[in-house]
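Worth saying up front: this structure is predicted, and the values here are computed from it rather than measured.
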Amino acid sequence: PVAPPCVCGGRLGRVTYRERLVRCLWMRMPSTVLHDDHFEALVDRLLQRGEPCYFCDLCGESKAAGGVWTCENGNNTILHANAYDVCEKCFAFYCGGASVDA
């Protein structure tokens with residue numbers, strides 16, 4: 001699907017849950033060296049726990065797997081200081097006309 005605009009004027013892009021987790025950690029720990037062995041081990045541990053790192057800004061749900069549509073501007077705008085995320089279910093419903101139960 002075509003990437004729709006975000007509320008801030010940026011674009012939403014689909015990323016894997018792992019990539020969203022990496023972005024979330026980097027947002028919280030900006031001095032972290034991305035993709036070094038210690039960082040990758042942390043990401044792997046958090047993935048094994050299955051705890052969500054985002055909540056859909058439309059329905060409030062989260063999944064610790066699959067993908068998520070997130071704004072390219074991350075938390076670099078006052079319109080969404082904690083990034084802007086849309087789960088695949090809401091994206092399909094609001095952008096693709098799929099059933100909300102899909």
Side-chain angles (χ1 to χ4, degrees):
V2 175
C6 178
V7 296
C8 74
R11 296 303 249 171
L12 295 179
R14 187 186 182 281
V15 296
T16 64
Y17 179 77
R18 180 183 182 84
E19 178 60 26
R20 183 65 186 96
L21 176 60
V22 167
R23 291 180 186 189
C24 182
L25 291 172
W26 191 78
M27 191 169 43
R28 293 179 182 174
M29 303 178 298
S31 61
T32 301
V33 176
L34 296 178
H35 308 297
D36 75 351
D37 290 339
H38 296 291
F39 183 78
E40 289 296 324
L42 172 63
V43 170
D44 290 339
R45 279 194 308 273
L46 292 172
L47 286 171
Q48 288 176 350
R49 288 185 193 168
E51 296 176 20
C53 71
Y54 79 93
F55 292 91
C56 176
D57 284 288
L58 299 179
C59 71
E61 293 184 14
S62 182
K63 285 180 144 181
V68 60
W69 289 81
T70 191
C71 180
E72 65 189 8
N73 288 331
N75 65 337
N76 296 319
T77 173
I78 196 163
L79 294 174
H80 50 74
N82 291 319
Y84 189 81
D85 300 304
V86 178
C87 70
E88 292 181 306
K89 185 168 119 179
C90 284
F91 185 87
F93 179 73
Y94 292 106
C95 295
S99 167
V100 76
D101 296 325

Chemist: Show, in sequence, the C-alpha distance, side-chain angles and deciding distance for Cys95 and Trp69, and conclude whether the side chain to side chain contact (heavy atoms under 4.5 Å, CB included) test is met.
Modeler: CA-CA 11 Å; Cys95 295; Trp69 289 81; over 6 Å; no
Chemist: For the residue pair Gln48 and Val43, establish whether any side-chain heavy-atom pair is separated by less than 4.5 Å.
Modeler: no
Chemist: Check whether any side-chain heavy atom of Arg23 lies under 4.5 Å from a side-chain heavy atom of Glu19, and answer yes or no.
Modeler: yes
Chemist: Flag the pair Val68 / Phe91 as yes when at least one side-chain heavy-atom distance between them is below 4.5 Å, and no otherwise.
Modeler: no
Chemist: Measure the spacing between CZ of Arg14 and CD of Glu88 and express it to the nearest 0.5 Å.
Modeler: 4.0 Å
Chemist: Quick one: SG on Cys56 to NZ on Lys89, what's the gap to the nearest 0.5 Å?
Modeler: 9.5 Å
Chemist: Yes or no on side chain to side chain contact (heavy atoms under 4.5 Å, CB included) for Val86 and Tyr94, after CA distance, side-chain angles and deciding distance?
Modeler: CA-CA 10 Å; Val86 178; Tyr94 292 106; 6.0 Å; no
Chemist: With no hydrogens and no angle check, is any side-chain donor or acceptor of Thr16 less than 3.5 Å from a backbone partner on Gly67?
Modeler: no
Chemist: Can you name the nearest heavy-atom pair linking Cys6 to Leu12, along with the distance?
Modeler: CB-CD2, 4.1 Å
Chemist: Hey, are the side chains of Ser62 and Cys87 touching, using non-hydrogen atoms and a 4.5 Å cut-off?
Modeler: no
Chemist: Mind listing the closest non-hydrogen atom pair of Tyr54 and Glu61 along with its distance?
Modeler: CE1-O, 4.3 Å
Chemist: For Ala83 versus Asp57, what's the shortest heavy-atom pair and its separation?
Modeler: O-OD2, 4.0 Å
Chemist: So if you build clusters from Ile, Leu, Val, Met, Phe, Trp, Tyr with side-chain heavy-atom gaps below 4.5 Å, do Tyr84 and Met27 land together?
Modeler: no
Chemist: State whether the side chain of Glu72 and the backbone N or O of Arg11 hold a donor-acceptor pair below 3.5 Å, judged by distance alone.
Modeler: yes
Chemist: Quick one: does Tyr17's side chain have a donor or acceptor within less than 3.5 Å of a partner on Cys53's backbone?
Modeler: yes
Chemist: For Cys8 versus Cys71, what's the shortest heavy-atom pair and its separation?
Modeler: SG-SG, 3.6 Å
Chemist: Test your reading of the model: is there a side-chain donor-acceptor pair from Asp85 to the backbone of Thr70, 3.5 Å cut-off?
Modeler: no
Chemist: Determine whether Val7 and Leu58 fall in the same hydrophobic cluster, where Ile, Leu, Val, Met, Phe, Trp and Tyr are linked whenever their side-chain heavy atoms lie under 4.5 Å apart.
Modeler: yes
Chemist: So do Leu21 and Leu47 actually touch side chain to side chain, heavy atoms under 4.5 Å?
Modeler: yes
Chemist: Tell me, do Leu46 and Leu25 make a side-chain contact under 4.5 Å, heavy atoms counted?
Modeler: yes
Chemist: At what distance, to the nearest 0.5 angstrom, does CD of Glu40 lie from CZ of Arg45?
Modeler: 11.5 Å
